[in-house]
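Every chain is numbered from 1, with letters handed out A, B, ... down the list of sequences. These figures come from a predicted structure and were not determined experimentally.
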Amino acid sequence: MTYRAPKGTDDILPPESAVWVEAERAFLDLAERYGYGLVLTPMFESTELFSRGIGEDTEVVEKQMYTFTDKGGRSLTLRPEATASVVRAIIQAGGVIGTFKGSYWGPMFRYERPQKGRRRQFSQAGIEYLGEDAPGADVEVIEFGYRYLEMLGVPDVEVQLNSIGDAADRSDYRGELIAFLESRRGDLSEDAVRRLHENPMRVLDSKADAAAVADAPTPIEHLSKETAEHFAAVRAGLDAASIPYRIAPTLVRGLDYYNRTVWEYVPLGFDAAQSSVGGGGRYDPLFEMLGGKPTAAVGLAMGLDRILLAREETAPTPALDAFVIMVETERRPVATVLVRRLRDQGLRLDMTAGDRSVSAQFKAADRAGAANALVIGEEWDQGRVTARDLATGGQALIAVEEIETWLRR
RNA sequence: GUGGCCGUAGCUCAGCCUGGUAGAGCGCCUGGUUGUGGUCCAGGAGGUCGCGGGUUCGAACCCCGUCGGCCACCCCA
């Protein structure tokens, strides 16, 4: 083995790659139907964009960034997530006029020890609803993610929902939480003690400390009248849209820009430690953090790798509608024309490029994943081909002009 | 960054404890079948045992190191 894909990266080859094509098409189609247009941004950005936007002392920025200096001396970073890029792009383009709904899809990069559902290069798809502070925007985005998982056939998805309030709500709450954690200091993990002052809410989300913080004060109990009303309206909207959810008072998210509504999608049957397949939240502070005008915003990110792991196995669909087989090498010119005509009609066709025995051509058809074989031999001189269903083995002589209809039967 | 398990044929793995001729299943190739794949039968090809060092008459096997994989912690999608 001379070369292999770098640690934590995967090659995805056919036929497995077909599910990625399907997932991407489904996402882009759903986004269009909800009115979200695709936003394409660079895969690397100035390092400062992420350290400012995501937060200096988050795990992602402290330890997980792929940062490098280019030949011009600029510090650049492969994007660990896309929201900061989308917001930067919108600010750069002049800011949001009214509202803006954008989607994205593509690879993200974080330097971590790989495990199930955690890769160094992974794919996220997401949407951002900008310039709308109404709870209806939160509801639409939560619903969008739920529908997407439904479309892809991910079973038993639970929406875990929480509100972490606004900055003003948290300034009082923060002191109370720190006091509580100090009182339990002896029961806390080393990491929790270290984070106690720099980012105390993160301790609520720690598996190691779940028992110690079971009766800790939670952000949802410390909402102002305004943020409590916003959250109640989000819940009412989800009820009206028939989206099931569970309130998760200890759910906090690891990026600094979130406020108010936060949520995650957890497939209950997914056997992996990294069980969240997507998540999102409101992030009203981010525009100002990145130097833009105050702009309300809510968005989500879906982890495609995890979604495809969590999904039920689906039977592979044939990769080709038909494979054309030539009995004599002189039939190649007409076979070539037939293949091109059927491809132009939207069918998936192939044939061997070199002259091979009929037996070898059938084997090639089978390996290519063809549903049918079309044999061109002496029957061609009567305007017919032999059409064989490779799954059942049944075959028939059909007229050339009926091939398309037969293949679409 | 920390820990556990694992690296042997293209793939999945046995062999390692107790050192002595490199194995299985699947896959692949050829033929049975010069107009029929997938199934069946017969035959065949394919391996510096991750890499480096040590111990030994002798190492896939024991020891040390190193690289890689998987899973978990941490963190997050």
Checklist entry - Among the nucleotides B:A77, B:A72, B:U36, which one has an atom lying closest to any side-chain atom of A:Phe362? => result B:U36

Checklist entry - Using purine N1 to pyrimidine N3 plus N6-O4 or O6-N4 for Watson-Crick, or N1-O2 and O6-N3 for G-U wobble, both under 3.5 Å, which nucleotide pairs with B:U56? => result none

Checklist entry - Taking only residues at least two apart or on different chains, which pairs with a member in residues 384-397 of chain A satisfy salt bridge (charged side-chain N to carboxylate O under 4.0 Å, His left out)? => result A:Asp389-A:Arg409

Checklist entry - side-chain hydrogen bond (donor to acceptor under 3.5 Å, both in side chains) between A:Tyr245 and A:Glu158: does it pass, once the steps are laid out? => result CA-CA 6 Å; A:Tyr245 60 89; A:Glu158 181 174 270; over 6 Å; no

Item to check | Partner nucleotide of B:G68 by Watson-Crick or wobble geometry (both distances under 3.5 Å) | outcome: B:C6

Item to check | Set of residues satisfying side chain to side chain contact (heavy atoms under 4.5 Å, CB included) with respect to A:Val96, sequence neighbours excluded | outcome: A:Ile90, A:Phe100, A:Leu130, A:Phe287, A:Thr295

Checklist entry - Can you tell which of B:C74, B:U2, B:C75 lies closest to the side chain of A:Arg113? => result B:U2

Table of protein N/O atoms under 3.5 Å from nucleotides 65-69 of chain B N/O atoms:
residue, atom, partner, partner atom, Å
B:G69, OP2, A:Lys7, NZ, 3.0

Checklist entry - Mapping A:Ala360 and A:Glu264 to their closest nucleotides on RNA chain B, which lands nearer the 5' end? => result A:Ala360

Checklist entry - Strictly under 6.0 Å, is that where the ring centroids of A:Tyr146 and A:Tyr265 end up? => result no

Which protein N or O atoms sit under 3.5 Å from an N or O of nucleotides 38-40 of chain B?
residue, atom, partner, partner atom, Å
B:G38, O4', A:Asp366, OD2, 3.2

Next on the checklist: When the P atoms of B:A59 and B:C17 are compared, how many Å lie between them, rounded to an integer?
Outcome noted: 14 Å

Next on the checklist: How long is the straight-line distance from CE of A:Met201 back to OG1 of A:Thr250, given to the nearest 0.5 Å?
Outcome noted: 11.5 Å

Item to check | Under 3.5 Å on both distances, the Watson-Crick or G-U partner of B:U18 | outcome: none

Checklist entry - Using atom P of each nucleotide, how far apart are B:C49 and B:A9 to the nearest Å? => result 10 Å

Polar atom pairs (N or O), protein with nucleotides 26-28 of chain B, under 3.5 Å:
residue, atom, partner, partner atom, Å
B:C28, OP1, A:Arg367, NH2, 3.2

Checklist entry - For B:G1, which nucleotide is its Watson-Crick or G-U wobble mate, given both distances must be under 3.5 Å? => result B:C73

Checklist entry - Roughly how far apart, to the nearest Å, are B:G37 and B:G32 at atom C1'? => result 16 Å

Next on the checklist: Regarding A:Arg110, tell me which of base, sugar-phosphate or nothing describes its non-hydrogen contacts under 4.0 Å with the strands shown.
Outcome noted: base

Next on the checklist: Could you tell me how far B:C6 sits from B:U12 if I compare only their C1' atoms? Round to whole Å.
Outcome noted: 14 Å

Item to check | Mate of B:U12 where both pairing distances stay under 3.5 Å, Watson-Crick or G-U | outcome: B:A24

Item to check | Any N/O donor-acceptor pair, A:Arg202 side-chain to B:C76 base, under 3.5 Å | outcome: no

Checklist outcome for this item: Re B:G38: Watson-Crick or G-U wobble partner, both distances kept under 3.5 Å, found to be none

For nucleotides 33-35 of chain B, give me every protein contact, N/O to N/O, under 3.5 Å, one pair per line with atom names.
residue, atom, partner, partner atom, Å
B:G35, O6, A:Glu378, N, 3.1
B:G35, O6, A:Glu379, OE1, 3.2
B:G35, N1, A:Glu379, OE1, 2.9
B:G35, N1, A:Glu379, OE2, 3.1
B:G35, N2, A:Glu379, OE2, 2.8
B:G35, N2, A:Thr386, OG1, 3.3

